[in-house]
Amino acid sequence: MTSAEQVPAAWAEAARTTSALHALGMHGRGASAEHLGFAGLVVGSDPDVRGYVRRHLGPLLDYDARRGSELVKTLAAYFDAGTSPRHAAAALHVHVNTVSQRLERITSLLGPQWQQPRQSLELQLALQLRHLTASS
């Protein structure tokens, strides 16, 4: 495909991205579909699901790979348990202090904003997409 043939598709994606920016209350700001988080997966012409998962869970995945830990599994259990460390501990068959320590490590790797609603939503979606892509 030549660059001239790519213009209509690029224009359409730009229009969808602009509409998403307005819908998300981000008037006057610019972004690519990739920078819109989960909304970018919807409006993008070629959604990069693996890249999305890596952008959101990368520090935890890397830490788990280096240390043989279970931060990603703990985060998934934490969200599945309605953000209850006690219920997550029961699901993981570990002590609640273990979950608390892992959550502290997650905070050190992702920053304290990971528990804010928007970031939490992005993480939960990344966890679900990771699960879906691993099983396909």
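As the structure is a computational prediction, the values presented were derived from the model and not from experiment.
Note: Leu75 CG to Glu70 CD = 13.0 Å, rounded to the nearest 0.5 Å. Annotation: the span from Gln119 atom CD to Leu110 atom CG amounts to 7.0 Å, rounded to 0.5 Å.
Hydrophobic clustering (side-chain heavy atoms under 4.5 Å, transitive across Ile, Leu, Val, Met, Phe, Trp, Tyr) groups Leu60 together with Trp114. Hydrophobic cluster membership is shared by Leu71 and Leu61, with clusters built from Ile, Leu, Val, Met, Phe, Trp and Tyr side chains linked at under 4.5 angstrom.
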Item to check | Worked verdict on Leu92 versus Tyr78 for side chain to side chain contact (heavy atoms under 4.5 Å, CB included) | outcome: CA-CA 9 Å; Leu92 294 168; Tyr78 176 73; over 6 Å; no

Checklist entry - Hey, mind stepping through Leu132 and Val49 against side chain to side chain contact (heavy atoms under 4.5 Å, CB included) and telling me if it holds? => result CA-CA 10 Å; Leu132 287 171; Val49 173; over 6 Å; no

Checklist entry - Are Thr107 and Gln115 close enough, and set up right, to give a side chain to side chain contact (heavy atoms under 4.5 Å, CB included), and what steps lead you there? => result CA-CA 9 Å; Thr107 299; Gln115 293 187 58; 4.2 Å; yes

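What you find for Leu123 and His56 is that their closest heavy atoms are CD2-O, 3.4 Å. Of all heavy-atom pairs spanning Arg130 and Leu57, the tightest one is CD-CD1, 4.0 Å. Nearest approach of Ala81 to Ala88, heavy atoms of both residues: CB-N, 3.5 Å.
Residues Asp64 and Lys73 form no side-chain contact, since every pair of their non-hydrogen atoms from C-beta on lies 4.5 Å or further apart.
Counting non-hydrogen atoms of neighbouring residues, nucleotides and ligands closer than 6.0 angstrom, the CZ atom of Arg54 exceeds 12 such neighbours.
Using a 3.5 Å distance cut-off with no hydrogens or angles, the side chains of Ser120 and Gln124 do pair a donor with an acceptor.
Of the possible polar contacts, one joining the Tyr52 side chain to the Glu122 backbone as a donor-acceptor pair under 3.5 Å is found.
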